[in-house]
Amino acid sequence: MPLPRFLLLSLLLTNIHIGFGQVNLKAVPPKRISIQSDSINRVLWLQRNVLAIRTIDPADEDFSDLADLKKVIGNAQIVMIGEPDHHVGSIYLGKTRLIKFLHETMGFDMLAYECGMYDVAKAWQEIRAGKDVRNVFRNAIYFGGREEYKPLIEYLEQSSNTIMPLELTGFDSQMNSRYSRDSLFMDLRSFFKSINYTSPALNDNSYFANELVKANANNGYKTPDKTTIDTLTMLIKTIDSLALRPFNFKTDFYYQVLKSIRRDVQQKQMFSSSQVLSGADSERLYVLALSMRDEQMAENLIWYTKQFPNKKIIVIAHNAHLIMDYPGDKTKELWNFEPNARPAHKVMWDNNYMGYILKDSLKDKVFNIAITGNKGEIGCINHLDSTKTWRVSMERNVKAGTIENLLDAAGFQYAFINLKNPPKGGEWLKGRFRCRYYGGPGSEAEWHKAADAIFYIRRFSPTNIKD
């Protein structure tokens, strides 16, 4: 139930913690106490206008609390769902319920993960061939063995042989699973054989074969050389020269995969170069390297939209990759909004985000949902090996006026805020406000530029490994 106005006044003027039926009047020392005259009105506005989400339990398939999202998302072909950290169990559960809603009620039929393009495509091929979905998922998706993924895995298995399966795919330039390690080279050789091309580089014990296996992200490949890049370029040019046009799907897929892998190897080479430099030069190369990955991920997703123009795609990635436009002050250091912040190097705000490129290319066909939270823990509880258990506490933000604190004060456990077109009275959401977009302490910015909506989960919980 909404909190009475007199209680809201007391809570907001002292910037205290709110629990379930408990108020901790000593939670914030006196120096933290501040008065924000507009905070009360904002809390009251949130109570009246924000969509309250009933639950994040994936087993709850009464989607009446999510029904309003149909109008908000509209005719978007891509819905991006972010996360401030990859190790939050409650986010996995909340995303699964959102995925089921989008699939069952809005016709989204492709689930694209921030994982290797080849890796996840190979995993989907194995799922369609009847392989065990849980093992396949664990082998292809980052942290796929976490307990909180089980409801999604079960859902993928149930839908895989229906008339509208939820197809699993990946868009990352990084290779990250046993599939790229164990079968990519053989599949490439088989493909080139099909277009009547052979090369010493495609022999089992070739230098390229060994380097391709080493390039898997899990192998810590940090110092690629020019020979690997040259070989990838040669294979790309070979497809250009020998394959019949227009390319069939298989040819176009391997063409895109090779370009994607080449960008990943080039990115690793740039990271290595940044480490031998210092100061602004090192910083510039480092951020450019980050941009290379985002640019390629965007290119891979755009490739999917061209291959499957009638498919509707759910994209799962970190909030950072999904930023649609830089929300801060470009004259200040990245994410530093203090008055004395030093000037930013241009590259720190001029780097390309995947979400920006997608939005620039696909316009209103893209809708971005950023997930944030107010308190709890992130990490992984390993029930099989306690030495691999780790947790990081996510304390409630002490900054007055933080959007998560306002939602907490308004009494929301879970909520959905429309930043793209807020209802009347919500014009403040089009200005600067503080948000924990990256977890942490949060930053004050024009967050409506970065995301179309915020999905709020009050308490974060760590992920679990049980088998």
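Computed over heavy atoms, backbone and side chain alike; hydrogens, waters and symmetry mates excluded.
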Looking only at side-chain N and O atoms, does [Y] offer a donor or acceptor that is under 3.5 Å from a partner on [X]?
X: Gln296; Y: Asn300; value: yes
X: Asp385; Y: Thr387; value: yes
X: Asp452; Y: Asn368; value: no
X: Tyr142; Y: Gln174; value: yes
X: Asp225; Y: Thr228; value: yes
X: Thr372; Y: Glu404; value: yes
X: Asn248; Y: Thr251; value: yes
X: Arg146; Y: Thr463; value: yes
X: Tyr304; Y: Thr169; value: yes

I'd like to check Leu93 versus Asp57 (side-chain heavy atoms, cut-off strictly below 4.5 Å). Are they in contact?
no
For residues 97-122, the side chain to side chain donor-acceptor pair (under 3.5 Å) pairs (sequence neighbours left out) are Glu61-Lys100, Asp65-Arg97, His103-Tyr155, Glu104-Tyr155, Glu114-Arg293, Glu114-His321, Tyr118-Ser183, Tyr118-Asp187, Asp119-Ser177, Asp119-Ser180, Lys122-Gln125, Lys122-Asp187
Could you walk me through whether Leu156 and Leu152 pass the side-chain contact (heavy atoms from CB on, under 4.5 Å) test, one step at a time?
CA-CA 6 Å; Leu156 288 170; Leu152 176 60; 4.3 Å; yes
Quick one: closest heavy-atom pair of [X] and [Y], and the distance?
X: Ser274; Y: Ser282; answer: O-OG, 2.8 Å
X: Gly376; Y: Arg459; answer: CA-NH1, 4.0 Å
X: Trp447; Y: Arg434; answer: NE1-C, 4.4 Å

Decide yes or no on ring pair (Phe, Tyr, Trp, His ring centres under 6.0 Å) for Phe249 and Phe308, but give the supporting numbers first.
CA-CA 10 Å; Phe249 177 80; Phe308 307 107; 5.7 Å; yes
Where does the angle between the aromatic ring planes of Phe208 and Phe185 fall among parallel (under 30°), tilted (30 to 60°) and perpendicular (over 60°)?
tilted
Would you please classify the geometry between the Phe271 ring and the Tyr286 ring as parallel, tilted or perpendicular, with 30° and 60° separating the classes?
tilted
Go through it in stages, so that I can follow the logic: the residues are Tyr149 and Phe137, the test is ring pair (Phe, Tyr, Trp, His ring centres under 6.0 Å), and I'd like the CA-CA distance, side-chain angles, deciding distance and then a yes or no.
CA-CA 9 Å; Tyr149 265 134; Phe137 191 89; 5.0 Å; yes
Residue pairs passing the salt bridge (Lys or Arg N to Asp or Glu O under 4.0 Å) test where at least one lies in residues 69-87, sequence neighbours excluded:
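Listed once each, the pairs are Glu83-Lys95.
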Where at least one partner belongs to residues 226-248, residue pairs that pass ring-ring contact (aromatic ring centres under 6.0 Å, His included), sequence neighbours excluded:
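Those involving residues 226-248 are Phe247-Tyr255.
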